[in-house]
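Along the sequence shown, residues are numbered consecutively beginning with 1.
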Amino acid sequence: MAPRIPRRETLAFSLLVAVSLILLRSAIVAEPELQIVDAERRIDLTSHIITVFLTLKVENSGTSPASEVLLAFPPNQVDKLATLKAALTVGKKKKKYTPLDVNTKLLDGPNGTKYFGVALQKPLSEGESVTLEILYILTHSLEPFPMEISQSESQLVYYRDSALILSPYHIKQQTTFIKTPSRRVESYTNVEPTKHAGVELKYGPYTDRATHSFSPIIVHFENNNPFAVAEELVREVEISHWGSVQVTEHYKLVHAGAHHKGVFSRVEYQGRSSVSGASSFKELLARLPPRVHSVYYRDDIGNISSSHLRIDSRKSELEIEPRYPLFGGWKATFVIGYKLPLEDFLYESPDGRRYLNFTFGCPLVETLVDKLTIKVILPEGSKDPSLVAPFPVKQHLETSYSYLDVVGRTAVVIEKENVVPEHNVPFQVYYKFNPIFMLAEPLMLVSVYFLLFTASVAYLHIDLSIHKHKTS
């Protein structure tokens with residue numbers, strides 16, 4: 001016979017289950033219910049770095065306030081996402097933008113979907129709506145097809161996406177615009193209504209789409225813009241309190257487009273430059289800070305004189321030409337170096353610390369950097385360095401040695417992958433420095449010269465000749 005459960009314990013268990021169900025139901029009811037009234041997405045495919053602008057009008061159709069809006073990305077785009085920004089917009093003609101924080105901690109969704117959270121400035125109450133503008137950039141998202149082309153062929157690429165905007169919310173109305181670099185579009189997926197006019201593909205408008213709706217599309221089009229990718233870029237920024245900032249940049253560049261096949265003909269390339277090698281590039285443009293001087297450009301063989309420097313009060317532009325044009329799959333390794341005035345980049349904070357204010361990213365125009373390393377080499381004797389960066393980066397300290405160094409210089413090493421032109425924003429490195437250390441190198445030089453002078457005087461006044469001893 002089974003043991004009988006006491007009535008008191010049965011009653012307690014029933015009350016516990018009832019309270020749990022009430023709490024669970026209240027949690028479900030308290031979950032904010034958002035919907036997207038109108039969504040517009042514009043995808044720019046004119047470069048190998050894809051820029052997407054997304055405008056969302058979000059409305060709270062529930063009863064509880066919402067403080068966060070989720071953005072959904074398919075798994076094939078998460079790893080290729082270089083940057084993600086969000087802003088709150090107010091007004092129609094003269095829009096006012098208020099930047100919003102984006103939570104970079106990924107949340108999991110169905111079918112491998114990943115969520116990013118956009119924190120609203122204030123909670124969105126029942127019936128209220130807000131307009132958000134999202135900017136995100138994708139890299140390595142264009143697939144060359146065919147994968148190999150000859151010198152006289154144009155470059156064709158695939159772009160894969162969805163005609164519908166992936167979202168965890170119900171979307172009442174949405175439209176997607178895709179801009180291509182030329183009118184030549186070989187093929188595209190037709191999801192009615194779809195319209196192709198000139199350099200623009202229009203998908204939509206689509207109405208009343210359920211959450212997590214996805215309709216895959218492929219666009220096959222011509223893109224002869226240079227696919228310049230720096231597989232690795234190391235920038236060394238050396239601070240000297242004697243008046244200058246020395247910058248040395250080491251590039252490992254590759255053309256990441258369709259690989260070149262066949263024989264390269266320089267005669268054909270120079271004679272029919274508009275047709276032959278349309279997707280190649282033979283020059284690069286680097287935008288440097290103003291008041292730059294002592295500029296040089298060299299590769300593994302030596303200095304290259306085929307470069308042009310233009311300087312004005314606001315910027316400096318260095319136009320460089322490699323020894324040979326770069327076709328798909330071809331690589332080039334080179335170094336760019338220059339000096340900058342110290343007073344333009346080194347400042348003193350109110351707490352007495354000094355800090356370097358310098359630009360992150362790559363100076364080359366429309367260049368993607370797979371791996372960027374910035375080494376900020378501080379003067380000898382610097383202490384307590386700290387980094388202030390506008391986005392997440394990896395950092396560590398190491399010791400660098402130069403001429404006349406005794407204990408070495410502290411170097412702040414910053415690393416980041418998947419760097420695009422949007423990352424070209426200032427960052428700061430703070431450190432403490434005692435001015436007495438500026439006398440170390442001059443005193444060392446004076447001491448060396450003094451010892452040499454003393455040794456030479458002693459040598460001249462010492463008689464080292466051998467004399468014959470006279471006996472009486």
(Q) Contact between S382 and K432 at the side-chain level, heavy atoms closer than 4.5 Å - yes or no? (A) no

Q) Taking the side chain from S349 and the backbone from R353, do they hold a donor-acceptor pair closer than 3.5 Å? A) yes

Q) Is any side-chain heavy atom of Y136 less than 4.5 Å from a side-chain heavy atom of T83? A) no

Q. For E40, does its backbone N or O pair with a side-chain atom of T175 as donor and acceptor, under 3.5 Å?
A. no

Q: Using distance alone, with no hydrogens and no angle criterion, decide if N190 and E192 have a side-chain donor and acceptor under 3.5 Å apart.
A: yes

Q | Under the salt bridge (Lys or Arg N to Asp or Glu O under 4.0 Å) test, residues paired with K371 that sit two or more places apart | A | none

Q) Going from CZ on F427 to CZ on F391, what distance comes out if it is rounded to the nearest 0.5 angstrom? A) 9.0 Å

(Q) Could you measure the distance from the OH atom of Y338 to the OG atom of S294? Nearest 0.5 Å is fine. (A) 12.5 Å

Q) In Å, rounded to the nearest 0.5 Å, how long is the span from CD of Q173 to NZ of K57? A) 11.0 Å

Q) Do you know which two heavy atoms are closest between A86 and I134, and how far apart they sit? A) CB-CD1, 3.6 Å

Q: Please indicate whether F145 has more than 12 foreign heavy atoms, meaning atoms of other residues, nucleotides or ligands, lying under 6.0 Å from its CZ.
A: no

Q: First locate atom NZ of K172, then atom CG of D208, and finally report the distance between them rounded to the nearest 0.5 Å.
A: 8.0 Å

Q) Among side-chain atoms of H140 and N418, is any donor-acceptor pair under 3.5 angstrom? A) no

Q) Checking N60 side chain against S64 main chain: does a donor-acceptor pair fall under 3.5 Å? A) yes

(Q) Taking CG in N111 as the centre, count heavy atoms belonging to other residues, nucleotides or ligands within less than 6.0 Å. Is the count above 12? (A) no

Q) What residues form a salt bridge (Lys or Arg N to Asp or Glu O under 4.0 Å) with E68, not counting sequence neighbours? A) none

Q. Any ion pair linking E133 and K95 (charged N to carboxylate O, less than 4.0 Å)?
A. yes

Q.
Is there a side-chain contact (heavy atoms from CB on, under 4.5 Å) between E231 and K331? Walk through the geometry before answering.
A. CA-CA 10 Å; E231 295 180 320; K331 299 184 179 183; 3.6 Å; yes

Q) Taking all atoms of both residues into account, what is the closest heavy-atom pair of S280 and H255, and its distance? A) CA-NE2, 4.1 Å

Q.
I need the F214 CZ to L164 CG distance, nearest 0.5 Å.
A. 9.0 Å

Q: Determine, for R160 against E143, whether the closest basic-nitrogen to carboxylate-oxygen distance falls under 4.0 angstrom.
A: yes

**Q.** Ion pair check, K375 and E398, cut-off under 4.0 Å
**A.** yes

Q | Between F433 and H241, ring centroids under 6.0 Å | A | yes

(Q) Heavy-atom count check: over 12 atoms from other residues, nucleotides or ligands less than 6.0 Å from Q121 CD? (A) no

Q) Within the distance-only criterion (no hydrogens, no angle test), does the side chain of N424 pair as donor or acceptor with the backbone N or O of C362 below 3.5 angstrom? A) yes

Q) Hey, mind stepping through E343 and R291 against salt bridge (charged side-chain N to carboxylate O under 4.0 Å, His left out) and telling me if it holds? A) CA-CA 11 Å; E343 61 269 18; R291 302 179 62 189; 3.4 Å; yes

Q | Residue pairs, two or more places apart or on separate chains, that pass side chain to side chain donor-acceptor pair (under 3.5 Å) and touch residues 356-367 | A | S47-E366, N357-Q428

Q: Tell me, please, which residues at least two apart from S154 pass side chain to side chain donor-acceptor pair (under 3.5 Å).
A: E222

Q.
Please confirm whether the ring centroid of F177 lies under 6.0 Å from the ring centroid of Y203.
A. no

Q. Is the side chain of E128 donor-acceptor paired with the backbone N or O of S125 at a distance under 3.5 Å, no angle test?
A. yes

Q: With sequence neighbours excluded, tell me which residues meet salt bridge (Lys or Arg N to Asp or Glu O under 4.0 Å) with K80.
A: none

Q) Does E317 have any salt bridge (Lys or Arg N to Asp or Glu O under 4.0 Å) partners at least two apart in sequence or in another chain, and if so, which? A) R287, R310

Q | Taking every non-hydrogen atom, the tightest pair across T211 and P168 | A | CG2-O, 3.2 Å

Q) Does the pair K179 and I43 meet the rule for a side-chain contact (heavy atoms from CB on, under 4.5 Å), with working shown? A) CA-CA 6 Å; K179 183 181 179 181; I43 305 174; over 6 Å; no

Q. What are the two closest non-hydrogen atoms of P123 and P65, and how far apart are they?
A. CB-CB, 3.9 Å

Q: Taking T46 for its side chain and D44 for its backbone only, find out whether a donor-acceptor pair lies under 3.5 Å.
A: no

Q | Donor-acceptor pair, side chain of E415 and main chain of K394, under 3.5 angstrom | A | no

Q | Exceeds 12 heavy-atom contacts within 6.0 angstrom, atom CG of D344 | A | yes

Q: Report the C-alpha separation of D161 and R41 in whole Å, then their side-chain angles, then the decisive distance to 0.1 Å, and conclude whether the salt bridge (charged side-chain N to carboxylate O under 4.0 Å, His left out) test is met.
A: CA-CA 12 Å; D161 208 322; R41 179 176 55 167; 3.5 Å; yes

**Q.** Pairwise distance CZ(R235) to OH(Y251) - rounded to 0.5 angstrom
**A.** 6.5 Å

Q) Hey, what's the ring geometry for H48 with F227, parallel, tilted or perpendicular (30° and 60° as the breaks)? A) parallel

Q. Looking at side-chain heavy atoms only, is the closest gap between L71 and V118 below 4.5 Å?
A. yes

